[in-house]
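By convention in this document, chain letters (A, B, ...) are assigned in the order of the sequence lines, proteins followed by strands, and residues within each chain are numbered from 1.
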Protein chains: 2
Amino acid sequence: MPDSSFKPTPKQQFAQFKVGVDNVIFSVDTAFNRLLVLLVMRQGEAYLNQWSLPGTLVRQSESLEQAAYRILSENIRVQNLYLEQLYTFDRLEQAPMEAEEDSAHYLSVSYFALVRFDEAELIANGVSGIAWYPIQYVPKLAFDRDRILQYGYRRLRNKLEYSPVAFDVLPERFTLNDLYQLYATVLGENFSDYSNFRAKVLKLGFLSDTGVKASRGAGRPASLYRFDAEAFDLLKDKPMVFI
Amino acid sequence: MPDSSFKPTPKQQFAQFKVGVDNVIFSVDTAFNRLLVLLVMRQGEAYLNQWSLPGTLVRQSESLEQAAYRILSENIRVQNLYLEQLYTFDRLEQAPMEAEEDSAHYLSVSYFALVRFDEAELIANGVSGIAWYPIQYVPKLAFDRDRILQYGYRRLRNKLEYSPVAFDVLPERFTLNDLYQLYATVLGENFSDYSNFRAKVLKLGFLSDTGVKASRGAGRPASLYRFDAEAFDLLKDKPMVFI
DNA sequence: TCAAAAGTGTTCATACTACACCCATGT
DNA sequence: ACATGGGTGTAGTATGAACACTTTTGA
């Protein structure tokens with residue numbers, strides 16, 4: 001029995017996909033206690049002039065992660081960041097991007113990023129808009145991007161509680177209050193009180209006091225701490241909660 | 001300025017992808033305290049006769065999730081299951097499945113499933129092999145499927161600790177020991193002691209005693225419990241740990 | 001010397017761990 | 001009656017939440 005009896009039209013029945021990558025890029029403006037997400041204004045025909053997440057179609061010879069990094073570098077200049085894949089949405093129903101006319105299927109692989117706010121410079125390309133939106137004030141987004149954003153927001157909160165992503169976006173040396181503000185801004189003011197947060201995070205044992213003090217206006221100078229990656233690695237397999 | 005100046009070869013520079021879905025299908029054989037994963041033997045040219053995860057290419061007019069369910073239904077007959085998306089791997093480097101000859105990119109969207117063991121019937125299609133493998137005895141798999149399996153295994157353990165997936169694969173009425181065996185088999189014997197597990201899970205308040213007793217040979221008959229979805233929904237937003 | 005910010009400690013309640021022990025059934 | 005598995009209770013420790021208090025600086 002020939003193989004073809006199994007696959008009547010072997011090359012036709014499988015869909016060709018165009019694959020998009022969409023990034024949920026967060027940043028924390030600790031000075032104003034705001035959690036920000038990066039939005040861009042759409043130039044394409046569909047949803048013209050609506051805010052959306054920065055995204056792109058994946059190119060030839062480009063990996064998904066490379067595409068995600070490309071989106072970042074095309075919209076923002078930043079040195080320190082955390083990036084991970086979020087979820088893959090299919091959008092059979094939608095006709096997005098630059099290729100509405102053909103009938104290919106689209107997949108949107110979303111990535112979630114957290115970047116250091118102080119050093120982040122937005123790149124305005126002169127055509128579209130780009131802006132940091134406080135999470136509370138995000139408008140209705142194009143396509144199903146609201147879903148992706150919500151998904152990313154949940155992931156951000158979980159990541160913060162269970163893994164040391166905060167240290168990827170804090171400066172090399174930071175005060176415990178810097179760390180606290182970051183957590184408080186993302187998780188909400190009622191997640192823990194400062195004293196208890198201090199005690200808990202110090203007990204974990206991977207923050208080392210550099211001895212250097214940071215004086216910021218009035219008040220007692222704060223110790224600058226450093227994230228000790230080696231000490232953390234020893235504990236990383238244990239179930240750990242930060243907050 | 002025409003739009004084309006922005007996209008020199010608008011339809012050429014973006015990759016066309018073939019998209020595969022691969023499932024990590026777990027089941028718990030509580031009678032023998034084994035965590036099982038479903039493997040199939042490859043028929044394709046690449047990695048011929050090596051064990052791999054059940055997978056397929058996504059068809060026209062089929063969603064990712066539909067493809068994942070199709071894989072399930074082609075390999076196993078089962079009524080009760082839990083399914084969720086796991087991760088999307090790109091495999092630029094690989095030439096898998098039925099289309100090695102063309103140069104399209106491949107994406108593998110993996111799904112993770114947990115099925116009820118007692119009712120699961122494997123479907124042998126007469127050509128390839130199919131088998132439940134205890135997680136400890138899984139051989140080297142084709143492609144990068146070991147990575148996917150490891151990823152799925154981690155997700156399974158996390159899901160069990162933080163969400164009520166167990167009740168999707170337990171019978172309608174079950175004893176607390178059934179529940180305990182399920183957890184112990186997946187998480188390892190040292191995760192909690194039976195008395196404490198009982199106390200903890202009952203205190204959560206979403207298991208209701210049906211009053212019916214189950215007598216299984218010697219020993220005191222056990223109460224049959226039922227998962228109360230309504231009671232659970234009231235608590236679902238709170239951070240909750242099961243173990 | 002006072003306000004502001006950093007940092008420490010104490011109390012009370014709750015939760016976790018490791019058991020010991022009692023209960024109901026089949027043989 | 002006793003082995004077998006189901007089920008309850010408790011003592012000691014650890015953890016968490018709330019908040020009072022001390023320390024060190026700038027003005």
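Counting all heavy atoms, side chain and backbone alike, B:V58 lies closest to B:S63 at CG1-O, 4.4 Å.
Remark: A:Y133 engages A:W51 in a ring-ring contact (aromatic ring centres under 6.0 Å, His included) (not counting sequence neighbours). With sequence neighbours excluded, the residues satisfying ring-ring contact (aromatic ring centres under 6.0 Å, His included) with B:F227 are B:F167, B:F206, B:F232. Looking at residues two or more places apart in sequence or on another chain, you find a salt bridge (Lys or Arg N to Asp or Glu O under 4.0 Å) between B:R77 and B:E121. B:Y151 meets the ring-ring contact (aromatic ring centres under 6.0 Å, His included) test with B:Y87; sequence neighbours excluded. For the side-chain contact (heavy atoms from CB on, under 4.5 Å) test, residues two or more places apart in sequence or in another chain that qualify with A:D118 are A:R116. Under the side-chain contact (heavy atoms from CB on, under 4.5 Å) criterion, B:R34 pairs with B:D29, B:F32, B:L36, B:P134, not counting sequence neighbours. Every residue meeting the side-chain contact (heavy atoms from CB on, under 4.5 Å) condition with B:V40, not counting sequence neighbours, appears here in chain and number order: B:P54, B:N75, B:I130. Residues passing the side-chain contact (heavy atoms from CB on, under 4.5 Å) test with B:A113, sequence neighbours excluded: B:I25, B:L72, B:L83.
At whole-Å resolution of the value, CZ in B:F191 and C1' in C:dT17 are 14 Å apart. Straight-line distance from the CG atom of A:N177 to the P atom of C:dG7: 9 Å, rounded to whole Å. Counting to the nearest Å, the P atom of C:dT8 and the CG atom of A:N196 are 13 Å from each other. What separates CZ of B:F197 from P of C:dA18 is a distance of 16 Å, to the nearest Å. In this structure, OH of A:Y194 is placed 15 Å from C1' of C:dG9, rounded to the nearest angstrom. Taking atom CG of residue A:D193 and atom P of nucleotide C:dT11, one finds them 17 Å apart after rounding to whole Å.
Dashed line: the shortest gap from a side-chain N or O of A:R198 to OP1 or OP2 of C:dT8 is under 4.0 Å.
Proximity of residues 219-228 of chain A to DNA chain C (heavy atom under 4.0 angstrom from any strand atom) is restricted to A:G219, A:R220, A:P221, A:A222, A:S223.
In summary, B:R70 and B:E74 engage in a salt bridge, as defined by a charged side-chain N under 4.0 Å from a carboxylate O.
Not a single donor-acceptor pair, N or O on each side, falls under 3.5 Å between the base of C:dT17 and the side chain of B:S192.
When DNA chain D is scanned in the 5' to 3' direction for atoms under 4.0 Å from non-hydrogen atoms of chain B, the outermost contacting nucleotides are D:dT4 to D:dG9.
Legend: side chain to side chain donor-acceptor pair (under 3.5 Å) pairs involving residues 212-227 of chain A, not counting sequence neighbours, sorted by first then second residue: A:D178-A:R216, A:S208-A:R226, A:D209-A:S223, A:K213-A:S223.
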Listing time: all N or O pairs from protein to nucleotides 14-16 of chain C that are below 3.5 Å?
| unit_1 | atom_1 | unit_2 | atom_2 | d |
| --- | --- | --- | --- | --- |
| C:dC16 | OP1 | B:K200 | NZ | 3.2 |

